[in-house]
There are 2 protein chains.
Amino acid sequence: MSTPSPHHKPVTLHDVAKVAGVSLITASRALSNPGVVSDKTIAKVREAVEATGYIPNLLAGGLKSKRSRMVAAIVPALSVSQFLPTVQTLTSALAAGGYQVIVGQTNYDAEREEAVLNTMISRQPDGIVMTGLVQSQKARERLVRSGIPVVETWDLSDRPVDMVIGFSHLKVGGAVGGYFLSRGWKKVGVATGSDHRAMLRREGFLATLGRSDVPTAVVPAPSSLALGRRALAELLDQEPGLEAVCCSSDTLAHGVLVEAQARGLRVPEDLAVVGFGNAEFGAHMVPSITTVHVDGPGIGSLAAQLILARCNGETVEQPIVDLGFRLIERRSTSVDAA
Amino acid sequence: MSTPSPHHKPVTLHDVAKVAGVSLITASRALSNPGVVSDKTIAKVREAVEATGYIPNLLAGGLKSKRSRMVAAIVPALSVSQFLPTVQTLTSALAAGGYQVIVGQTNYDAEREEAVLNTMISRQPDGIVMTGLVQSQKARERLVRSGIPVVETWDLSDRPVDMVIGFSHLKVGGAVGGYFLSRGWKKVGVATGSDHRAMLRREGFLATLGRSDVPTAVVPAPSSLALGRRALAELLDQEPGLEAVCCSSDTLAHGVLVEAQARGLRVPEDLAVVGFGNAEFGAHMVPSITTVHVDGPGIGSLAAQLILARCNGETVEQPIVDLGFRLIERRSTSVDAA
DNA sequence: CTGTTAGCGCCTTCAC
DNA sequence: GTGAAGGCGCTAACAG
């Protein structure tokens, strides 16, 4: 049985100061700004901290200093593996600077996004990192008014709320389309998640192909292997002679691969497959998956850098950063690939 | 160029109260405890909130009320996909109750764990959810003293810091060992991550087999497809006639499957493979992966429930919850499986 | 149902 | 280098 514990009256800085025989404020400075305190005093305070088991209360500190040392990270869902490297790197980079990450999940829903952002703002974060652009106009205004540094990521915009680090999904789609053209595939299909960015990539893909009649299987985001299998099944229903599939994620591509294998289709000989995201598994599968590489960790660490800079009152000269992308050709589209 | 924005002097509850023509505390109650305020007043306050664009400051509220409405979630690394469903469910369940999650990453390191826990405590979270048991003894003591509700998960212990929700890794290993015995495999191997819980499962596996000479490939956590491939290569070096492999995760099992395929070994005819965790992809691959199912989302939602209960001053009657596990037989070990 | 009073624990501002 | 006030924005506790 586990009961609410009796309050050990919590140790405050006041107690530490008393034990150390200095004033409250001196104790405070010894801990957070040691440069202006004598070494002897610092030692005394440190001892008192040990003796009392003092742990600072960042809520109180944040209230006065207006720096909560928290950064909000907003993702569609934590399980969208696409964003994990970004969030992981962001979390690590910020932790190294004494900042923690609060996570919010929008479920790809603009209304939830707005609600989540409001809750986040009420925690006074020193920065907000979004995966994707802010959808709701109301939320944009609120964010601007709040004065909190905001980094939108995994996309690009001429007019970000504040800063943006990403790449053009239209161009990604275009690059894949160009690759399809260069390979001369005619009977092609698209397997895509229903989220906005995946749809943008599809748009770029179609524009480059110069076609609008391409068989498409749209599956609900987030994607999964099972959905990838289903998508290929749908595409083959629409176009039995399918030569190549463009997928909105490596996970979907994996599912397409499995479904192809289950139907006795050889990849790439009978069916070529392209993914997106350069997930770890894609490089090591047989066949390895041709994909579009995006620097997820780079986005996370750069976002941390920009936020930290702004927290220190610095001006960010390049608030719009295009990290680009890179098509990686592997065996799922070419028997000759590395 | 993005510069630190000019401070729009932030709107406080004081401003709202003035606009609404009520006292500060009435405004406060209208928002956070509407039951005790007249409907007319509530309406006035709501209007004033709209008009001013007020967003509450939870730091200040938390300071006074001693409820930060934050819960810390500590994981080895965000990218360990094993824990994602737990963290995702936890986050959603808590968000529904007005709580946010702060994440900390330990990198499977006891020292970092201690540091992370200290930082977390200093944020006054209303609860702490650990994946795994708390390693450091110092951290345990601090946690107990802090009085914060703590849920350790994904493991079991007679003497948790506070509460624990999970299952026995020894028993999981034992169950897999029993399955191996029942199938009569003699030339077996273990592919395992280097983390503590994976090692416990291996121990249980060996104990049930009654052997200590089983070829083992230990790969650094967190696991990946590439590491799974490497592990099988190592095992085949040690035991060319390998009949079956016990893997510490479905990801490793996937890698083993790929490596087997690359070497022309048929699964399960030439080599049987068992994973752990029941990842989404395992059920849908060809062959599907025999695995041990653990209720990750259940752990997350139950953890949220217990913490919320304790936040409301309730007593948790069952602070030690064994959620058990279930071996799921699929095609990677049996051509007859579903 | 509403208001007054008194802080929460710490840090900024100013003196010494 | 140190200290004494004052207040960050909000909410318990008690009055009316």
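Letters go in sequence order (proteins before strands), and every chain restarts at 1. Here the structure is a predicted model, which means the values were calculated and not measured. Below, each value reflects all heavy atoms present in this structure, side chains not excepted, and no hydrogens, waters or symmetry copies.
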Atom-pair distance (CG on B:Leu58; P on D:dG9), nearest Å: 14 Å
For atom CD1 of B:Ile42 and atom C1' of C:dT2, their distance in whole Å: 13 Å
Any A:Ser28 side-chain nitrogen or oxygen under 4.0 Å from OP1 or OP2 of C:dC11: yes
No-hydrogen, no-angle side-chain donor-acceptor test under 3.5 Å, B:Ser68 and B:Gln124: no
Min side-chain heavy-atom separation A:Glu113-A:Val134 under 4.5 Å: yes
Sugar-phosphate only, base, or nothing, as touched by A:Leu63 at under 4.0 Å among non-hydrogen atoms: base
Comparing A:Leu24 and A:Gly35 on DNA chain D - which has the more 5′ nearest nucleotide: A:Gly35
Short side-chain N/O contact from B:Ser38 to OP1 or OP2 of C:dT2, under 4.0 Å: yes
Proximal nucleotide (of C:dC10, D:dG9, D:dT11) relative to the B:Ser32 side chain: D:dT11
Donor-acceptor side-chain pairing of B:Ser92 and A:Gln105 below 3.5 angstrom: yes
Residue that, paired with A:Pro149, satisfies side-chain contact (heavy atoms from CB on, under 4.5 Å) out of A:Val161, A:Asp162, A:Val129: A:Asp162
Contact under 4.0 Å: B:Thr12 side-chain N or O vs D:dG9 OP1/OP2: no
Given DNA chain C, 5'-ward residue of the pair B:Ser23 and A:Leu13, judged by closest heavy atom: B:Ser23
Whole angstrom value for the distance that separates C1' of D:dG9 from CD1 of B:Ile55: 14 Å
Listed nucleotide nearest any side-chain atom of A:Lys64, set D:dG6, D:dT2, C:dG3: D:dG6
Most 5' of B:Arg29 and A:Gly62 on DNA chain C, judged by nearest nucleotide: B:Arg29
Rounded distance (Å) that lies between atom P of C:dG3 and atom NE2 of B:His14: 13 Å
Selected nucleotide, minimal atom distance to A:Lys66 side chain, candidates C:dG9, D:dT2, D:dC8: D:dC8
B:Asp15 CG - D:dC10 C1' separation (whole Å): 13 Å
Atom pair distance, as rounded to whole Å: CG in B:Asn33 and C1' in D:dA13: 14 Å
Residue pair B:Leu94 / B:Gln100, side-chain heavy-atom distance below 4.5 Å: no
Nearest-angstrom distance from the residue atom CG of B:Leu59 to C1' of D:dG7: 16 Å
Sugar-phosphate, base or nothing in reach of A:Ile25, heavy atoms under 4.0 Å: base
Distance, rounded to the nearest Å, where A:Leu31 contributes CG and C:dT12 contributes P: 13 Å
Donor on one side chain, acceptor on other, B:Thr119 and B:Ser122, under 3.5 Å: no
Sugar-phosphate only, base, or nothing, as touched by B:Val37 at under 4.0 Å among non-hydrogen atoms: sugar-phosphate
Residue-phosphate contact under 4.0 Å: A:Thr41 side-chain N/O, D:dT2 OP1/OP2: yes
